[in-house]
K.L.:
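Questions regarding the structure given below will be posed in turn.
Start at 1 with the first residue, then count along the sequence. Source: prediction; values computed, not measured.
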Amino acid sequence: MKFKFSSLSFRSKLLFSLLFIGLAAVLIVLFFSVTIGKQIVKKNVYDQLVSIRANKARELEDYFIDTKDQIEFLCHDYTIIQAMKDFKEAYYQASNEPLPKGSEFEFEKFYTDFYRKLSKNLKAETNPDFFIPTGKSAKYLQYHYILQNSNAIGEKDKLVKANDSSNYTRVHMQYHDLMHKLIDKLGFYDLFLIEPETGDILYTVFKETDFGTNIYTGPYRESNLAELVKSVKENHDIGEGRFIDYKFYRPSYGEPAAFVAAPVYDGYNFIGILVLQISIDVIDDLMTSYKSWENDGMGKTGESYIIGSDYLMRSNSRFLLEDPQGLIKLLKDINVPEEKIVAIDNMKQSILLQEVRTAAAEEALKGHSTYKDVRDYRDIEVLSAFQPLNLPGLKWAMLVEKDAAEAYEPLYDFQKKVLGVSVVLIILITIFSLIVSSRLIKPVETLKNSVEEVMKGNENVVIATNTNDEIGELSEDFNIVLQSLKERKAEVSRYHTKYENIVQNFLPENISKRFLKGENNIHSISANSTIVSVEILGLAQLESLPETERLNMFTELLNVVEDMASKFGMDKVISLNGYFVYSCGLATPKLDHTKRSIDFLKEFVSQLQLFNSNKSKNLSYVAGVASGHIYDGLFGNKKVSYNVWGSITIIAEELRKHAQQGSILVSNEVKDSTGDYYSFKKSSVTSTVGNNIDAWKLDLNA
């Protein structure tokens, strides 16, 4: 019998595939070489990061212990005690000193400039007049030590003697140089002397806009400094220093500020509170080794930084300090919110601005001290060593990280050498195997090329079979399957499009997108949303019409309501026989969600009246509106439904149920939010559970 190669089975042809045996041997050697090499390199890098982490943590913890010891020591120092008494006396004497004419204009001009600069860093929620001190002493001292201070902003501390003859200036001359040298030597940003009973800031070194103001009732009463002072006042144990975490501090033009404070006693008399403002630069120097990362073994991409319990940085990013614009561009590429990027760019720092919500950060804040590969806040793969920090009154954690690309650079060099040797071996094996198996590979390549064409989108491929073996049979089966797939693909595409349209029509946009992606248990929470519950009354009038006319008229009415809802950005929750529930600001956050809801109802009333006029009907309505905290989501395992819940949904329902025909009742929150645009009349309803609900009737004629 004549031997035909094409008649051999595919199993027989595989006997000639020495190529695979050779390649497998080379790839196995390559795999184990790279795997073992990677483990060795990773261990070395992590050992280095853990060592740096331990040293940095010890340095930072020692700094806070030293800081606590320093302020507790200073509170017992005679000079500080005497300065507190002298400044207190001089401060209240200053209230009797007159201010020159025109000083009000100077205050207004200065604080207008202050407000403008502050607004660049923080969204100032008030106006310049809010920051102008009202106390006589505060005003007098700020006038002479800030407004009449010829030194530039940020250098007001250089003034030792004001141009006046007050007792305060005499006391200031006596102590200011000493206090200035004290914070310079100890590495603090500022020093405060505060009267605990009244809350007056008697003295500061740096002379920012908090100087002289009242920390309990003044413009900075909600600052973290005020919180710390109140804490010390309420728990003024002798010699106990207390820390408070960073917050944006308006007197420093919105820069982050952290403080440490302790009570000052004269004998057994609690006479004051000493506060030191912690310098950002000192902590940054500890974290960056004075910006000598490479000398510290961190290479070109390594960094150590601190985060707080809110996952926000408490020290600056290395990449911001080295290449601000490069980091800004990277943050834009990974879709960090624009307002965050603008704030980082304006303030040239990342403290309280850069969020680090990574797996390493979560583990560290849970109290775990270890290391792992993660993607960092730049969305770049890094090797991260992390641990919680043992700091008094602060829940911070430290992360020491290096880019994986740099960490594995020695491994990549080794891989290149192994790969070079492997390529030579593969070439030799390939040449030998091709000679033996050229005829075997040809039909496989034909099938492979056809599959690739299909993967590229070419569905018109037809494989010509010229062999009688398994490959030939597979080619014929492939042609059949491909034709079947083309038909099924077209059918699936039609059903998928219909499915997406149905889901998008019946669910809010944010819920539908997540549902179509395959998510389960989809829920969301909003603290600023409005619920509108409205019912059309009198639909029984349509029952006497012929069925087709009744259906057309009811459909027209529903379309009018849906068009208005879309116009004002309302999301439908329920629509049932003339009863509707809509939400605003839930699916898509809207600052004016309450006003939009009232605008929607007002337009609804107008359109309903127009409908009555055109159709000679007498339909009416009742509606209830409430705003506040709300939840929404999809529920059910077999039959999924969308719903919202929360106290404001109950309030909106109660208001609708108790509204008189042709009226709209709103809650206190809605009235307060839209009171500048609409008029309301006081009302009150009693809910089904017996609670009274304050209600306001919307005046549609105002």
Side-chain angles (χ1 to χ4, degrees), residues 71 74-100 103 106-107 110-111 114 131-215 218-220 225 229 251-252 257 259 261-262 264 266 271-277 279:
I71 196 168
L74 289 173
C75 285
H76 294 89
D77 185 82
Y78 172 79
T79 303
I80 295 295
I81 296 171
Q82 191 60 42
M84 183 70 74
K85 294 192 293 185
D86 291 346
F87 273 114
K88 180 177 180 179
E89 180 181 0
Y91 176 88
Y92 293 113
Q93 288 176 354
S95 65
N96 299 320
E97 300 287 346
L99 283 172
S103 61
E106 294 184 58
F107 270 101
F110 174 83
Y111 275 97
F114 167 78
F131 298 99
I132 299 177
T134 56
K136 292 181 179 180
S137 296
K139 219 161 190 178
Y140 179 83
L141 296 177
Q142 284 205 9
Y143 179 79
H144 286 284
Y145 283 89
I146 298 179
L147 273 65
Q148 294 298 307
N149 189 336
S150 60
N151 295 296
I153 297 295
E155 299 179 357
K156 300 293 184 181
D157 56 306
K158 292 182 179 180
L159 178 65
V160 177
K161 179 182 182 301
N163 187 23
D164 72 334
S165 58
S166 67
N167 184 41
Y168 191 93
T169 294
R170 180 187 64 77
V171 175
H172 194 274
M173 290 175 60
Q174 180 181 352
Y175 292 104
H176 185 67
D177 276 341
L178 177 64
M179 300 294 186
H180 207 303
K181 291 175 181 177
L182 178 66
I183 64 170
D184 286 345
K185 183 176 181 180
L186 297 179
F188 293 103
Y189 178 81
D190 203 354
L191 178 148
F192 301 74
L193 297 178
I194 299 175
E195 210 294 321
E197 293 302 321
T198 63
D200 293 314
I201 300 178
L202 307 176
Y203 168 79
T204 71
V205 173
F206 216 68
K207 300 299 184 296
E208 294 182 321
T209 56
D210 50 9
F211 171 55
T213 63
N214 189 287
I215 202 64
Y220 311 113
L225 174 59
V229 170
S252 298
F259 302 92
V264 178
D266 181 16
I271 63 169
I273 297 175
L274 173 65
V275 181
L276 297 174
Q277 186 171 345
S279 171

K.L.:
Could you go step by step and tell me if I153 and F110 meet the side chain to side chain contact (heavy atoms under 4.5 Å, CB included) rule?
P.N.:
CA-CA 11 Å; I153 297 295; F110 174 83; 4.0 Å; yes
K.L.:
Using atom types as modelled and distance alone, determine if a side-chain donor or acceptor of K156 lies under 3.5 Å from a backbone N or O of N149.
P.N.:
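Here the side-chain-to-backbone pair exists.
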K.L.:
From Q82 CD over to Q174 CD, what is the distance, rounded to the nearest 0.5 angstrom?
P.N.:
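It comes to 7.5 Å.
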K.L.:
Locate the shortest heavy-atom distance separating V264 from M84; write the atom from each residue and the value.
P.N.:
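What the structure gives for the nearest pair is CG2-CE, 3.9 Å.
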K.L.:
Please determine, by modelled atom types, if Y111 and Q142 share a side-chain donor-acceptor pair under 3.5 angstrom.
P.N.:
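Yes, side-chain donor-acceptor contact under 3.5 Å.
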K.L.:
So, for D157 and G154, which heavy atoms are closest and what is the spacing to 0.1 Å?
P.N.:
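Looking at all heavy atoms of both residues, the closest pair is OD1-O, 3.7 Å.
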K.L.:
Using the rule given for side chain to side chain contact (heavy atoms under 4.5 Å, CB included), can you reason through D164 versus Y140, listing the C-alpha separation, both sets of side-chain angles and the distance that settles it, and then say yes or no?
P.N.:
CA-CA 10 Å; D164 72 334; Y140 179 83; 2.4 Å; yes
K.L.:
How many angstroms lie between CG in N214 and CG in D200, if you round to the nearest 0.5 Å?
P.N.:
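The distance works out to 4.5 Å.
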K.L.:
Distance from L186 atom CG to S279 atom OG, nearest 0.5 Å?
P.N.:
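Separation between the atoms: 12.0 Å.
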K.L.:
Return the minimal non-hydrogen interatomic distance between K88 and Y92, and the atom names on each side.
P.N.:
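Reported closest heavy-atom pair: O-CD1, 3.0 Å.
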K.L.:
Assess whether side chain to side chain contact (heavy atoms under 4.5 Å, CB included) is satisfied between T79 and L182, documenting all intermediate values.
P.N.:
CA-CA 11 Å; T79 303; L182 178 66; over 6 Å; no
K.L.:
Search all heavy atoms of K85 against all heavy atoms of D266 and return the closest pair with its distance.
P.N.:
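Smallest interatomic distance, heavy atoms only, reads NZ-OD2, 3.2 Å.
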K.L.:
Heavy-atom count around N163 CG within 6.0 Å, excluding the residue itself: above 12?
P.N.:
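No - once you tally the heavy atoms of other residues, nucleotides and ligands closer than 6.0 Å, there are 12 at most.
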K.L.:
Just verifying a value: how many Å separate L141 CG and Y203 OH, rounded to the nearest 0.5 Å?
P.N.:
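Reported to 0.5 Å precision, the distance equals 12.0 Å.
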K.L.:
When you look at Q277 and S252, which way does the side chain to side chain contact (heavy atoms under 4.5 Å, CB included) test go after all the steps?
P.N.:
CA-CA 11 Å; Q277 186 171 345; S252 298; 3.8 Å; yes
K.L.:
Distance-only, no hydrogens or angles: does the H176 side chain make a donor-acceptor pair with backbone N or O of K161 under 3.5 Å?
P.N.:
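Judged by distance alone, no pair lies under 3.5 Å.
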K.L.:
In Å and rounded to the nearest 0.5 Å, what is the CD1 to CG distance from I194 to L225?
P.N.:
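Atom-to-atom, I194:CD1 and L225:CG are 5.0 Å apart.
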K.L.:
Under 30°, 30 to 60°, or over 60°: which ring-plane class applies to F107 and Y143, parallel, tilted or perpendicular?
P.N.:
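Tilted.
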K.L.:
Is the shortest side-chain heavy-atom distance between K139 and L99 below 4.5 Å?
P.N.:
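Side-chain contact under 4.5 Å: yes.
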K.L.:
Assess, by modelled atom type and distance only, whether the side chains of E208 and Y189 contain a donor and an acceptor separated by less than 3.5 Å.
P.N.:
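Note: E208 and Y189 side chains meet the donor-acceptor criterion.
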K.L.:
How far apart are the closest heavy atoms of M179 and L193, and which atoms are they?
P.N.:
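Looks like CE-CD1, 4.3 Å.
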K.L.:
Does the side chain of T198 pick up a donor-acceptor pair with the side chain of Y91 at under 3.5 Å?
P.N.:
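Checked: T198/Y91 side chains show no N/O donor-acceptor pair below 3.5 Å.
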K.L.:
Check whether the side chains of T169 and Y145 place a donor and an acceptor atom closer than 3.5 Å, and report yes or no.
P.N.:
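Result is yes, a qualifying pair exists.
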K.L.:
Grab the two heavy atoms, one from Y220 and one from D210, that are nearest each other, plus how far apart they are.
P.N.:
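Smallest interatomic distance, heavy atoms only, reads CE1-CA, 3.7 Å.
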K.L.:
Quick one: pull up CG in D190 and NE2 in H180 and give me the separation to the nearest 0.5 Å.
P.N.:
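Between D190 CG and H180 NE2, I get 9.0 Å after rounding to 0.5 Å.
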